[in-house]
Amino acid sequence: MDRLLTVDPIKLKDPLELQIEAQSAVLLMKPEGVSNLSRRAFLGFGASALVLGALLPSMPVRAQTAAAAVKPGTRIPAFLVIGKDNAVTLLSPFVEGGQGINTGLAQIVGEELDVNPSRFTVECAPPGPDYAVINGLRMTGGSFSTRSSYPLMRRLGATARDMMIRAAATKLKAKPETLKTEDGFVIHGASGKRLSYGELAPVALALPPRDDVALRDPASFRYIRQPVARLDVRAKSTGKAVYAIDQKLEGMLYAAVQHAPNQGTTVQSIANEAAVAAMPGVHSVHKLPGAVAVAADSWWRARKAVEALSVSWSAPAPSGLDTVAADYASDGLLAALKSSKEAGLPAETEGDATTAFATAAKVIEAEYDAPYLVHGQLEPPSSMARFNPDGTLELWAPNQMPELFQSVAAQTAGLAPDKVILHSPMLGGFFGRHFLYGSANPFLQAIQLAKATGRPVKVLWSREEEFRMDALRPLSFSRFRAAIGKDGRPTAIQARTVGEGPLGRWFGAVFKDPVDSSAVEGITEKPYAIPNRRMEYVKFPHPVTIAFWRSVGHSMNDFFYEGFLDEIADAGGQDPFVLRMDLLKDKPRHRKLLETVAAMSGGWKRGPYEVDGTRRARGVSMASPFGSETATIAEVSVQGGETQVHTVWVAFDPGSIVNPAIVKSQVESAVALGLSATLFEELVYKDGVRQSHNFDEYPILSRRSMPAVHVEIVESGAPMGGVGEPGLPGVPPAVVNAVAALTGQRIRSLPLAKNKIGV
Amino acid sequence: MTTLHVNGRAYQVAVEDDTPLLWVLRDTLGLTGTKYGCGIAQCGACTVMIDGTATRSCQVPVDSVGTADIRTIDAIEEDPVGRKVVEAWVAAQVPQCGYCQSGQVMAATALLKQTPHPSDGDIADAMTNLCRCGTYNRIAAAIRQAAG
Ligand code: FES
Ligand code: FES
């Protein structure tokens, strides 16, 4: 590629800090996890996967001519549609799944365009080079949406407003300087004439955009930084919001599937195919890669029929990429991670840890681990496909990367990418669920079934099939050592992380760093002044499909590190809050957060102390996820071996914000998910199969366990950080540290539910 | 043929007797406001009111409903209590992804119909629907607000 597309010079402090050619996004998600494979079961689609692999490198070249001409985020008509009735539709590069991005974008664009955000309709844009606004890449993830597009979206709004003014000037034969705007109208002061954006749009949006339009002075913001109401709450409170699962096409068949019990095995035979084909409403029975499917005239009939199929499956192969051996077990994997002898690659090295350990007054060591987790988004995955008479394939598929899904759909259907019309519906929760994860996405089945039946098909996975196929937050392991000086302060810290991260697995083609940042983030780049550090990483591929999960590596690593930091404090006879303040002497941003969260909670006290006759204690933690900073305090009690979290306080510094109300609700939501993982969640593999099949066997946080959550936003003015994920990582360590303060029990393996906690 | 009374209208449906009410509502009648989350009465996404009682429709065989009065989220604003609940939901900005909220609003409406001024304990007992986005505290606040 000879040309890199650059967007606004926003500083991204994350793994994605690089320039990617927009048109090469298709290259990104390709499993790189297991190298020594004879089986190429990529996508679970055998032969077609090989074709895909062979074609991928050539695709960007084909796409380049069209795409290279476009600078993402600059062509106004690709983003704004303004109707005669002055209704404003914003085509968003991002997909809404609860994080509030639609409202945030309406605020940003509306501020500069001069349209009240409440009058916006925001839709996820179709695939196209205009929307590759994250340094040449398009995705909804990594808590990138707002921070990556904020300058761009402001400029977009301001540029469009300028076009409105210029169009009005021509029409009114007035000088642009004599015109002003007011909530969707251009107004000529002298004559009092008002022209709506809607009437100006056909001319205005065709004007050449200026690239030097002044932005509004932040001091005069009316919408940005205000708690503007979300655009979608009424629809979502009245059942009118439409998700992928709700969509329907004329003449559509409903399909249900039954996946192979052991991932990577294939259908050998079906004993009762004819009998099932004769069940009420059944249209047809299908063998798919790694699954059987039934198409019927209703989903319930399809499901009953597919579950009635008596299928024999091939014997599981040895573990490999997307093949899980018959004896695979998560505790076996954990044992293997622990006993790995492979030399680690340096992930972070500072000072001279060897000497520090040799001269330490005390050395402590501990092993931490965290389990596989499912996403558990409440909407089960579905996809709908239709081959149109004009030769196009139309697809409705939940996704976080439209262009990538489009190109893989095109390969599957044997079409050129521009023959695939992709709709990206609103997501009923995602938390990282809807990236491209091979056989964990149902849209490929929808395409195959639509092709096989000649009818539009909607595939819906039952919750049980979702538990079987969801891509998992990887099970993780780190071993820590710390050297403690005579004064009780740590002089060195060392960590050995063994495992695999989703970034290396799915984006390995682009992020070639052998140290997978998504496996070590939260262990590296901690703010504490521990002078000697040696953090190392050993890649250990998992045979199961692994995923991005809200806050990714931080979701377990900050638990590991911050839990161990409390162990360091205890070993040195220090209070954990005081030690943190001390280690952050030269970090005013972090000290401010710690001071804020302490003040929010009425002043730091570790406990135990008594409240209403029960003993309680508190734990503190910090995290630096996705360009933001958090300080968290949790208060817990233990009753009957069960941990109850009463209150969580979070001081949150994302640098600067767009909507304080949405920021707070995102942090509340992240706290809930973090607490769910801390207390309950664990997906266990035994004998090659997953042991949980639905929420009865995989409890998630319910109202009963929901603490009071207090969030305070601190705007330090640092570069804008992420919002959707950063509230999570501080929660597990704060809770575990509180449990240790209360009971003396140090929990190093989550979830708490599997540990016996006693006071 | 089974006759169902949904949101004040009678529908004739030709489905197997054991078909869950949820799927009749969604796929046969096209009332997709009621959601599928688990299918085993764990999550509450499928909550409807049957004769005023919050009921998880994924576990209700259609032939067990008889002539009962079924109310779904799709007609929630026709109900005065439901309307109050919706307004409180909007005021408290409860939904995030929103997927669980049809069921939450139905459960809250049923609660307030039976217990217009619920205690915290009443709310805890009645509001057992799961929310993966963790909106539980806002839900409780909205119910208190709707109760006035
Ligand atoms: S779908 Fe009925 S309770 Fe979950
Ligand atoms: S709002 Fe997303 S599940 Fe409740």
Side-chain angles (χ1 to χ4, degrees), chain A residues 96-100 227 229-230 232-243 245-248 254 280 298-301 304 375-380 426-431 460 462-464 661-662 665-666 668-673 675-676 694-696 700-704 706 708-709, chain B residues 15-16 18-20 22-24 26-28 30-43 45 72-77 82 85-102 104-106 123-124 127-140:
Chain A
E96 174 66 59
Q99 77 279 43
R230 288 181 55 138
D232 51 9
V233 286
R234 186 169 295 274
K236 286 175 172 177
S237 304
T238 52
K240 295 192 173 55
V242 176
Y243 302 86
I245 195 175
D246 300 324
Q247 301 182 109
K248 196 170 183 170
Y254 294 83
S298 81
W299 187 74
W300 183 251
R301 284 173 161 175
K304 275 184 71 172
H375 293 90
Q377 80 294 342
L378 210 55
E379 180 192 12
M426 188 159 67
L427 305 173
F430 60 121
F431 322 118
L460 165 63
S462 68
R463 178 60 64 185
E464 288 79 2
I662 291 178
S665 50
Q666 278 297 289
E668 286 168 24
S669 164
V671 166
L673 190 59
L675 190 56
S676 190
N694 206 323
F695 290 124
D696 54 341
I700 62 172
L701 190 86
S702 66
R703 159 175 310 284
R704 226 185 104 247
M706 184 73 193
V709 180
Chain B
V15 295
E16 284 73 59
D18 61 350
T19 306
L22 169 65
W23 295 105
V24 178
R26 285 184 57 82
D27 289 353
T28 313
L31 297 172
T32 54
T34 306
K35 302 303 184 206
Y36 165 63
C38 69
I40 58 164
Q42 286 284 313
C43 74
T72 73
I73 187 75
D74 310 271
I76 190 67
E77 286 173 297
V85 171
V86 168
E87 291 312 320
W89 244 244
V90 172
Q93 295 277 295
V94 173
Q96 293 201 16
C97 87
Y99 194 77
C100 74
Q101 300 296 343
S102 295
Q104 306 278 10
V105 166
M106 294 311 288
I123 294 175
M127 299 300 294
T128 56
N129 290 8
L130 296 175
C131 174
R132 190 58 162 166
C133 302
T135 64
Y136 299 118
N137 294 340
R138 281 170 196 254
I139 287 173

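Below, chains carry the letters A, B, ... as their sequence lines are ordered, and counting in each starts from 1. Scope of the values below: all heavy atoms of this structure, side chains included, with no hydrogens, waters or symmetry mates.
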_Less than 4.5 Å to any heavy atom of chain B: does that hold for the side chain of A:Q377, its backbone, both, or neither?_
backbone
*Measuring heavy-atom distances to chain B, does A:L460 have an atom under 4.5 Å in its side chain, in its backbone, in both, or in neither?*
side chain
*Going by the side-chain contact (heavy atoms from CB on, under 4.5 Å) test, name the single residue among A:D246, A:I245, A:V242 that passes it with B:T32.*
A:D246
_chain B contact via A:Y243 - which portion, at a heavy-atom distance below 4.5 Å_ = side chain
*Quick one: of A:G97, A:S665, A:G428, who has the most non-hydrogen atom pairs under 4.5 Å with chain B?*
A:S665
*asked:* Could you check whether B:D27 pairs with A:K248 (Lys NZ or Arg NE/NH1/NH2 to Asp/Glu carboxylate O, under 4.0 Å)?
replied: no
*Return the minimal non-hydrogen interatomic distance between B:Y99 and A:P380, and the atom names on each side.*
OH-CD, 3.8 Å
*Got A:H375 and B:R132 here, is their nearest side-chain heavy-atom distance under 4.5 Å?*
no
*Please look at A:A229 and chain B and tell me whether the side chain, the backbone, both or neither of the residue comes under 4.5 angstrom of a heavy atom of that chain.*
both
*Return the option, out of A:A235, A:S669, A:A661, with the maximum number of heavy-atom pairs under 4.5 Å with chain B.*
A:S669
_Region of A:A670 in contact with chain B, defined by heavy-atom distances below 4.5 Å_ = neither
*Which atoms of B:Q104 approach chain A - backbone, side chain, both or neither, heavy atom under 4.5 Å*: neither
*Relative to chain B, which segment of A:Y254 carries a heavy atom at a distance below 4.5 Å: side chain, backbone, both, or neither?*
side chain
_Is B:T19 in contact with chain A via its backbone, its side chain, both, or neither, using a 4.5 Å heavy-atom distance?_
both
*Taking the side chain as every heavy atom from C-beta outward, state whether B:D18 and A:K304 have any pair of such atoms under 4.5 Å apart.*
yes
*In terms of heavy-atom pairs under 4.5 Å, which option from A:S298, A:S237, A:G100 contacts chain B the most?*
A:S237
*Verify, without hydrogens or angle tests, whether B:Q93 (side chain) and A:R230 (backbone) share a donor-acceptor contact under 3.5 angstrom.*
yes
*Ignoring hydrogens and geometry, is there a side-chain-to-backbone donor-acceptor pair from A:K236 to B:Q96 under 3.5 Å?*
yes
*Please state whether the side chain, the backbone, both or neither of A:S462 comes within less than 4.5 Å of a heavy atom of chain B.*
both
_Point-to-point distance, once rounded to the nearest 0.5 Å, from CG of A:D232 to CD of B:Q101_ = 10.5 Å
_Whether A:R703 side chain and B:I123 backbone form a donor-acceptor pair below 3.5 Å_ = no
*Heavy-atom distance under 4.5 Å to chain B: side chain of A:L701, backbone, both or neither?*
both
*Is it the backbone or the side chain of B:I76 that comes under 4.5 Å from a heavy atom of chain A, or both, or neither?*
side chain
*asked:* Looking only at heavy atoms and a cut-off of under 4.5 Å, which of A:A241, A:A672, A:G376 has the most pairs with chain B?
replied: A:G376
_Is B:A140 close to chain A through its backbone or its side chain, or both, or neither, when contacts mean heavy atoms under 4.5 Å?_
both
*Measure across A:K240 and B:D74 and return the closest heavy-atom pair with its distance rounded to 0.1 Å.*
NZ-O, 4.1 Å
*Under a 4.5 Å cut-off applied to non-hydrogen side-chain atoms, are A:W299 and B:R26 in contact?*
no
*Any donor-acceptor pair under 3.5 Å linking the side chain of A:N694 with the backbone of B:C38?*
yes
*asked:* Working to the nearest 0.5 angstrom, can you tell me the gap between A:R301 CZ and B:W23 CH2?
replied: 14.5 Å
*When B:C43, B:G33, B:P95 are compared by non-hydrogen pairs under 4.5 Å with chain A, the top option*: B:P95
*Does the distance from a Lys or Arg side-chain N to an Asp or Glu carboxylate O, for B:R138 and A:E668, drop under 4.0 Å?*
yes
*Check each atom of A:V709 against the heavy atoms of chain B and say whether the ones under 4.5 Å are side chain, backbone, both or neither.*
both
*For chain A, which of B:G98, B:A45, B:A75, B:A41 has the most heavy-atom pairs under 4.5 Å?*
B:G98
*Approximate separation, where rounding is to 0.5 Å, of A:L378 CG and B:C97 SG*: 6.5 Å
_Ignoring hydrogens, what is the shortest heavy-atom contact between A:G239 and B:I73? Give both atom names and the distance._
N-CG1, 3.5 Å
